[in-house]
S.K.: 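Supplied in structure tokens, the structure appears directly below.
Note that the structure is a prediction, hence the values are computed from the model and not measured. FYI, side chains are in, hydrogens and waters are out, and symmetry mates aren't considered; it's all heavy atoms of this structure.
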2 protein chains.
Amino acid sequence: MMDRMSPLDAAFLQLEDEEPGTSLAIASIAVFEGRAPSTDEFAAALAGRLPLIPRYRQKAREVALDLGPPVWVDDPSFDLGYHLRRTALPPPGGDRELAALMGRVMSARLDRARPLWEYWLVDGVRDAGTGEERWALISKVHHSMVDGISGTDLYRVVFDATPEPGAPAPDDWHPEPPPSDLALASAAALDLLRLPAKQARALLAAARRPRALGRTAARTARGVASLAGALVPASRTSLSGALSGHRRFALARGTVDDVRRVRSALGGTFNDVVLAAVTAGFRELLLERGEQPAPHGVRTLVPVSVRAPGEESIRDNRVSLLLADLPVDVADPVERLAAVRARLTHLKAAGEAEAGAALLAVAGGEPFPSIAAPVRLAARLPQRQIVTVTTNVPGPRRPLYALGRRLVEIVPYVPIAARLRTGVAIFSYCGRLTFGVTGDYDTAADVWTLADGIERGLAELVSAAAAQEGEEEGGPEPLRAP
Amino acid sequence: MMDRMSPLDAAFLQLEDEEPGTSLAIASIAVFEGRAPSTDEFAAALAGRLPLIPRYRQKAREVALDLGPPVWVDDPSFDLGYHLRRTALPPPGGDRELAALMGRVMSARLDRARPLWEYWLVDGVRDAGTGEERWALISKVHHSMVDGISGTDLYRVVFDATPEPGAPAPDDWHPEPPPSDLALASAAALDLLRLPAKQARALLAAARRPRALGRTAARTARGVASLAGALVPASRTSLSGALSGHRRFALARGTVDDVRRVRSALGGTFNDVVLAAVTAGFRELLLERGEQPAPHGVRTLVPVSVRAPGEESIRDNRVSLLLADLPVDVADPVERLAAVRARLTHLKAAGEAEAGAALLAVAGGEPFPSIAAPVRLAARLPQRQIVTVTTNVPGPRRPLYALGRRLVEIVPYVPIAARLRTGVAIFSYCGRLTFGVTGDYDTAADVWTLADGIERGLAELVSAAAAQEGEEEGGPEPLRAP
């Protein structure tokens, strides 16, 4: 089996080539209850589902003479043992140890000579809350693969909706013999011959400069940015600039109930509350670094619902991406939330006023697409227009399982590149809200300040909501003797 | 502090550049008794010894216009936390898990933008024999650094000769500001101007083609090879050919007493017995792969003592490297040992007959140099002349300690490159003999067959020695009723 890579996917590989040391894999950490399966047990289950994702046994192959974008070809020496690795956290196996492992795993580029994915089974994980023994699965998949398979790999190959594992898929995979360079080039040339001359020239040009395709998207983005009055270049901060080849990771947690409580007391959408918490984190990070949190200091790509008010729901995946300045200059948590809310409402209105202003609308049903979308877009925006990415993925509300073990939480990972030194990914599952914070190793060594600041930001809003509830119920709760 | 890299060291960096996916770090696993130190505790001890090895805080910097070899410059953003990592083995924490970790760690190239070393503290190690809890330290150092510091890093920065840790070294390190490209180029140009024209041209040429310096060594090697009658190209086997960018690792064990017992019953030097065991491993590997173990099938670089008979001792580091065909075609263990012995005696005699035939003679006192030497040489030999490297390093006989914990064993790692798909490194310490087996991930997936074959090979010789002892004492020991 062999198929042509989409120019957008090809652009992702090229972007990685152009930026030495950058890895454009996306990832998540899935933490499970119970005894970890043995490597053989897990490998057998995984092998039973591989037929559902052909890409997992294919590799990217360049076409000679640049006659077309790379193609996906079967990997005749596919070896599941290479892709499935096993490791463990050093004691105490907490968030710090998990994050350190994640930073190392994500610093390394996926090997282009093989299918572009790795799964890491992790032993020795302890639940951050209860201290119970857990195990984790890190799934690391190249960005260029995620588009073709809609990002639902984990749902297809690992997760079950019930404790009873699903049946293996029938597998009649026999790798096609690798096509010769000549065959690939000939096929690409034939395709071009069949097309009208003008179209062929355009395709050829696109294959040779896949990033050019992105320029249209960038123009659209600039259009939206100007509509939204964001023409001011983002203020210079330590948040953007050259990157090292290594990454750090940190994580923060909240609950969906926290967000609900804040919304019902203080107003705003789910997204507004989450972004207000992220804003608090960036404010703390800048203050800690001795920098002034300026109004245009933290411009981020944010996902917003494009549905009309009243139609929003956590499960809604029809999101649009807009550029927004996070109000890091506002010191008061409640005012900060109000500022986020006003800004996003304004941006959405501006976006909706112009047909086609929504940069990206993803149809529902697929849980992971918007992790990928902001990064793709960020890489094509003018560098001074954006300093970070914030990606918020509503996940499933019902429990999921792998080999009969219940999934406790999912921590998402967003890659950084193109002078963005930090990125925040947000995921909700079964009432749990997790923030994955990516930072450049050298220039964002303080990723935990950002992560802890996000947690504190949410906690402050919950306190403010509690105070508000108290007032509404007739003043704060009186202190009682113990 | 800044100093010029030796052309030989520079050649090593260039060799890595020319062979994509190859990593030329050397390494060892040191396994310790007792409770693992905390990362902070270990980092503090390590920091106290860094002044002893300036290279650990320097990075390689290219000189513009190729006016000279790269220089070592202080790394102003040196961060010990980057170099010292902590991980753990998944249960059961045995040799398989340790070797899998080692394979992954050694597959990754050291980051050229930083000092070229990494130490990995490993939790969750279990003693292969007793099942007791252990911890390990993987030290990974680039080949280009090892020459300058004589390979004794671990002895300087980690090991103590007593359970009482040594005092930290005084440290007045202030990184020199990084020299500008212009300054570096000017300094190199000035150096050239000060030299007689002919010498300057030669130096410039050498800097531009550092591998050319290696050609002299290769010519010497070819000289020795022809002297030794080894002009026949090595037979084609699966042991040499293109390499993938990933490595596997396996290990085997014996005791110094095993070797002594074999020597006293069957004759031969320490080296002869060890090589006979390695020969058994390669024979088993080839048979398992369905290949004929041919007389010229496994040509290896082997270290031999250049002292006269009677002067040999395990502690003797004055070794020479010779090319030898391992007698993998001989089925009987005792005959195989005799063949190894005859061959090495012949090679040594041939080598000694010609002045300068000894390829490399290292003065005593430094415990690690010969790990590096064979690899350096192998990279410069004609490809068909060699199929593997075998490097035998006699280590200390007295116990060593780190932070008061006793060192149990050291497992050495030899890198592979230049079409060599396997390599075996041998180390002895306190009566323990360890074999580290490196293999290419794709084409030597069966490294454990080689490692297990080496263990079996030594065991067979011990059995043969026991039988011989029995005969000498008047026939085999009669069976007694229990």
S.K.: Given a strict heavy-atom distance threshold of 4.5 Å, which part of B:Ser77 is in contact with chain A: side chain, backbone, both, or neither?
M.R.: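 B:Ser77 has no heavy atom closer than 4.5 Å to chain A.
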S.K.: For B:Leu101, is it the side chain, the backbone, both or neither that has a heavy atom under 4.5 Å from a heavy atom of chain A?
M.R.: neither
S.K.: For the atom pair OG (B:Ser244) and OH (A:Tyr82), what is the distance rounded to the nearest 0.5 Å?
M.R.: 8.0 Å
S.K.: Return the minimal non-hydrogen interatomic distance between A:Leu89 and B:Ala88, and the atom names on each side.
M.R.: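 Heavy atoms of A:Leu89 and B:Ala88 come nearest at O-CB, 3.4 Å.
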S.K.: Could I get the full list of side chain to side chain donor-acceptor pair (under 3.5 Å) partners for A:Lys140, not counting sequence neighbours?
M.R.: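 Here the qualifying residues are A:Glu118.
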S.K.: Pick one of side chain, backbone, both or neither for A:Arg109, based on which atoms fall under 4.5 Å of a heavy atom in chain B.
M.R.: neither
S.K.: Under a 4.5 Å heavy-atom cutoff, which of A:Thr87, A:Asp79, A:Thr39 has the most pairs with chain B?
M.R.: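 Heavy-atom pair counts peak at A:Thr87.
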S.K.: Determine which pairs satisfy side-chain hydrogen bond (donor to acceptor under 3.5 Å, both in side chains) with at least one residue from residues 92-106 of chain A, sequence neighbours left out, and list them in order.
M.R.: A:Asp95-A:Arg253
S.K.: Do other residues, nucleotides or ligands put more than 12 heavy atoms under 6.0 Å from the CD atom of A:Glu41?
M.R.: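 Atom CD in A:Glu41 is crowded, with more than 12 foreign heavy atoms closer than 6.0 Å.
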S.K.: Tell me, for A:Tyr441 versus chain B, whether the close heavy atoms (under 4.5 Å) come from the side chain, the backbone, both or neither.
M.R.: side chain
